[in-house]
Amino acid sequence: MYKKINVAILLISICLVFIFIFFYIERTNSKRKENALRYYNQIMPIIILADILDADLEYSDNYGNKGILKGGEENLTRRVSDDIMDYITKQSDNMYEYRIIESERVLKYIDNFNNNMKNIRISRSDVKDGSIDQKTISEGEGLGEFHECKDLSALIDYMCSKTDDGEYFIEALDIIGVNGSDIPGRIVYIRDDGTEKVLYEKDTLNLSMLFKDAGS
């Protein structure tokens with residue numbers, strides 16, 4: 001009888017060990033997924049910006065592995081999303097760090113962005129001239145006063161800033177209409193001499209347009 005009791009205790013112990021291992025693996029997988037998704041949310045503004053700029057993206061891990069993703073040749077947002085998913089599903093053991101590679105072209109785009117943010121005005125297109133309320137993009141989108149981005153690092157910091165509602169600036173600038181909406185408006189560029197260049201009589205802007213030379 002004692003032998004049967006010992007066998008039963010052994011079987012129960014084995015079952016408890018398997019249950020413990022199961023819950024440990026589940027918790028580990030859940031933590032892995034949670035960390036990966038948190039990291040994904042943190043880096044997405046940078047990856048989206050790289051896509052918009054057609055910039056090359058360097059990736060690296062803690063083991064010295066690194067490489068370059070060529071901007072304009074593949075969808076960087078999709079590629080990074082796939083990398084994160086491979087980590088979550090354990091097809092990959094590492095999560096990469098990503099860095100936009102600065103270039104003369106990128107710096108030119110930043111210059112265009114600064115000029116457009118300072119000089120573009122948006123107003124309703126269905127009102128008379130006497131009552132037009134022109135707003136800068138920052139004013140319309142509720143992003144506060146715009147300060148020029150001197151370099152790529154400053155641009156990344158700007159795009160990763162958040163509105164009072166917790167939205168990344170880069171998300172707020174995805175579609176730009178009248179007063180922070182997607183309502184089409186009259187969009188003009190104020191030249192240095194104070195004259196207006198009409199960009200659109202009734203339309204919206206998107207993020208990629210902000211990096212084009214609208215003033216020329």
Side-chain angles (χ1 to χ4, degrees), residues 10-110 113 141 143 149 151-176 182 205-212:
L10 178 62
L11 290 175
I12 292 172
S13 299
I14 292 173
C15 287
L16 290 175
V17 168
F18 275 114
I19 291 173
F20 173 79
I21 292 173
F22 173 78
F23 280 107
Y24 175 79
I25 292 174
E26 284 295 304
R27 176 170 175 76
T28 300
N29 289 341
S30 176
K31 196 69 175 177
R32 182 187 185 98
K33 181 178 181 180
E34 180 183 330
N35 291 338
L37 292 178
R38 184 185 301 113
Y39 178 61
Y40 176 84
N41 289 329
Q42 289 173 349
I43 64 169
M44 264 306 103
I46 297 174
I47 309 306
I48 293 171
L49 182 60
D51 259 334
I52 293 293
L53 296 173
D54 281 339
D56 294 342
L57 195 67
E58 181 185 79
Y59 64 90
S60 61
D61 62 21
N62 294 329
Y63 300 96
N65 300 311
K66 62 173 55 179
I68 302 293
L69 302 177
K70 302 298 289 183
E73 294 183 6
E74 63 177 310
N75 187 311
L76 300 178
T77 303
R78 183 179 299 118
R79 169 61 186 273
V80 172
S81 298
D82 290 343
D83 287 347
I84 298 293
M85 185 55 65
D86 286 346
Y87 176 79
I88 291 175
T89 57
K90 295 187 176 181
Q91 296 181 52
S92 172
D93 293 328
N94 304 316
M95 279 197 298
Y96 294 112
E97 294 183 358
Y98 300 91
R99 180 180 69 86
I100 298 176
I101 299 176
E102 194 169 74
S103 66
E104 288 298 320
R105 182 181 61 189
V106 168
L107 293 176
K108 176 57 179 174
Y109 285 160
I110 294 174
F113 176 78
E141 297 295 325
L143 306 182
C149 299
D151 51 27
L152 178 59
S153 177
L155 179 65
I156 291 172
D157 288 343
Y158 181 80
M159 291 300 182
C160 290
S161 299
K162 290 187 177 182
T163 66
D164 292 339
D165 296 328
E167 184 180 37
Y168 285 117
F169 278 19
I170 197 169
E171 295 174 313
L173 294 171
D174 183 41
I175 298 293
I176 304 162
D182 58 358
L205 297 174
N206 60 46
L207 181 61
S208 63
M209 293 178 178
L210 299 183
F211 293 94
K212 308 299 182 184

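In this chain, residues are counted from 1 in sequence order.
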Option passing salt bridge (charged side-chain N to carboxylate O under 4.0 Å, His left out) with Lys70 (candidates Asp56, Asp54, Asp51): Asp56
Should we say atom CG of Asp164 is surrounded by more than 12 heavy atoms from elsewhere, each under 6.0 Å from it? no
For [X] and [Y], which heavy atoms make the closest approach, and how far apart are they?
X	Y	value
Val106	Ala55	CG2-CB, 3.9 Å
Ser81	Met44	OG-CE, 4.4 Å
Gly64	Asp61	N-OD1, 3.2 Å
Ile84	Tyr40	CG1-CD1, 4.0 Å
Thr163	Ala172	CG2-CB, 4.4 Å

The reported gap from OH in Tyr59 to CZ in Arg99 (rounded to nearest 0.5 angstrom) is 13.5 Å
Roughly how far, to the nearest 0.5 Å, is CD1 of Ile68 from NZ of Lys66? 8.0 Å
Are the side chain of Asn75 and the backbone of Thr77 linked by a donor-acceptor contact shorter than 3.5 Å?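 Side chain of Asn75 to backbone of Thr77, a donor-acceptor pair under 3.5 Å: yes, one is there.
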Is the side chain of Asp165 donor-acceptor paired with the backbone N or O of Glu167 at a distance under 3.5 Å, no angle test? no
Flag the pair [X] / [Y] as yes when at least one side-chain heavy-atom distance between them is below 4.5 Å, and no otherwise.
X	Y	answer
Glu97	Tyr39	yes
Leu210	Ile52	no
Leu57	Ile100	yes
Tyr98	Arg79	no
Phe211	Leu49	yes
Leu173	Met159	yes
Arg32	Ile88	no
Ile110	Asp151	no

Would you say Asn41 and Arg38 are linked by a side-chain donor-acceptor pair, where the criterion is simply a distance under 3.5 Å?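 Their side chains do not contain a donor-acceptor pair, so the 3.5 Å distance test is not met.
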For the residue pair Phe169 and Tyr158, does the interplanar ring angle fall in the parallel (under 30°), tilted (30 to 60°) or perpendicular (over 60°) class?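 Perpendicular, since the angle between the ring planes exceeds 60°.
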Between the side chains of Arg78 and Asp82, is the shortest nitrogen-to-carboxylate-oxygen separation below 4.0 Å, so that they form an ion pair? no
Can a salt bridge be assigned to the pair Glu104 and Lys108 using a cut-off of 4.0 Å between side-chain N and carboxylate O? no
